[in-house]
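Taking it in order: structure first as structure tokens, then the write-up.
Computed from a prediction, not measured in an experiment: that's the story for all the values here. FYI, side chains are in, hydrogens and waters are out, and symmetry mates aren't considered; it's all heavy atoms of this structure. First listed ligand is number 1; within each ligand, the first listed atom is number 1.
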Amino acid sequence: MLKMKFTIITLFEEALRPYLETSMMWKAAEKGIVEFDFVNLRDFGIGPHKSVDDTPYGGGDGMLLRCEPVYAAIESVIDKAGAEVRKSEVILPTPDGEIWSQALARQFAGVDAPDTSAEAIEKSIAKKVPESSVDDSRTIDDVKHYIILCPHYEGYDTRILDIVDYQISLGKYVLTGGELPALIMIDSIVRLLPGVLGGNSSALQESFSEGDNIEYPQYTKPADFRGKKVPEVLLSGDHGKVAKWRKAHEKLVK
Ligand code: ADE
């Protein structure tokens with residue numbers, strides 16, 4: 001069932017498609033959990049050259065994204081949003097925005113933080129978490145629709161902010177456009193949606209890996225690689241001891 005829709009307004013759809021049509025993003029779309037669609041800002045450009053930018057009033061270097069194409073593109077997307085969408089929200093990637101985090105990804109995904117107590121870890125190791133109880137902790141109502149506006153060039157007319165709901169920064173550095181931030185936001189949100197990672201039958205995946213706010217050292221075969229040995233407790237089969245070891249070695253990723 002469709003849970004989330006992203007409309008990306010960009011001049012460079014070809015930069016976004018390869019990532020969104022690969023691996024987990026592609027699978028999430030194939031499963032019908034998420035839908036991606038693209039709007040070319042140029043289609044809303046001004047004059048014979050379909051111009052989307054102009055020089056700043058007051059002088060200075062560079063070109064700024066104009067209001068008219070941006071407002072026209074966003075209004076057209078909102079007008080065309082399907083009946084399943086209750087509300088569309090506009091995200092602007094910008095170095096001035098709120099710094100992106102796992103907590104924000106969860107908020108945008110509409111899911112709760114996972115239970116990271118030792119008891120919950122033990123249950124998940126033993127795969128004792130019934131699917132229904134996992135799903136109960138999640139809260140996604142209607143289809144959420146996010147419109148991501150990817151600015152390019154040197155900046156944008158500040159009046160664009162009046163049509164934006166969220167200004168998000170990926171970090172304290174400047175990129176050439178909003179496409180990479182858009183992909184990072186989408187990836188970190190979509191992987192949290194129920195059914196995207198690991199399949200519903202995997203209690204371990206459902207309870208912990210999706211939230212990824214805890215991490216501890218992990219090992220796979222062989223048990224001894226060039227003298228680097230897997231800790232005995234992880235080979236013991238004792239779920240309680242394994243859970244305690246993981247809890248003691250966890251690092252919080254905020
Ligand atoms: N656009 C340019 N730089 C950016 C950044 N650091 N985060 C989000 N959007 C941006």
Min side-chain heavy-atom separation Ser76-Val39 under 4.5 Å: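 A side-chain contact is absent here, since even the closest heavy-atom pair is not under 4.5 Å.
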
Answer yes or no: is there a donor N or O on one side and an acceptor on the other, between the side chain of [X] and the main chain of [Y], under 3.5 Å?
X: Glu154; Y: Met63; value: yes
X: Lys31; Y: Gly195; value: yes
X: Arg191; Y: Val196; value: no

Which of the ligand 1 atoms, numbered from 1, are nearer than 4.0 Å to a heavy atom of [X]:
X: Val174; value: 3 (N)
X: Ile168; value: 8 (C)
X: Gly171; value: 6 (N)

Protein heavy-atom partner closest to [atom] - residue, atom, separation in Å:
atom: atom 10 (C) of ligand 1; answer: Pro95 CD, 3.6 Å
atom: atom 3 (N) of ligand 1; answer: Leu175 N, 2.9 Å
atom: atom 7 (N) of ligand 1; answer: Leu170 N, 2.9 Å
atom: atom 6 (N) of ligand 1; answer: Tyr173 O, 2.7 Å

Pairwise distance CD1(Ile8) to CD1(Ile186) - rounded to 0.5 angstrom: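 So the CD1 of Ile8 and the CD1 of Ile186 are separated by 3.5 Å.
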
Contact with ligand 1 for Leu180, non-hydrogen, under 4.0 angstrom: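 No, Leu180 has no heavy atom closer than 4.0 Å to ligand 1.
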
Within-shell test, Gly178 vs ligand 1, heavy atom, strictly < 4.0 Å: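 No, that is not the case, since the closest heavy atom of the residue is not under 4.0 Å from the ligand.
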
Aromatic ring pairing Trp100/Phe108, orientation class (parallel under 30°, perpendicular over 60°, tilted between):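 Rings of Trp100 and Phe108: perpendicular, over 60°.
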
Mode of Pro181 contact toward ligand 1 - side chain, backbone, both, neither (heavy atoms, under 4.0 Å):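 Pro181 to ligand 1: side-chain contact only, backbone stays beyond 4.0 Å.
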
Part of Thr94 within contact of ligand 1 (heavy atoms, under 4.0 Å):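 Answer for Thr94: backbone.
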
Close aromatic pair by centroid cut-off 6.0 Å: Trp26 and Phe36: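 Not under 6.0 Å, so no.
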
Asp54/Arg66 under salt bridge (charged side-chain N to carboxylate O under 4.0 Å, His left out): CA gap, chis, key distance, verdict: CA-CA 7 Å; Asp54 215 324; Arg66 291 177 62 132; 3.2 Å; yes

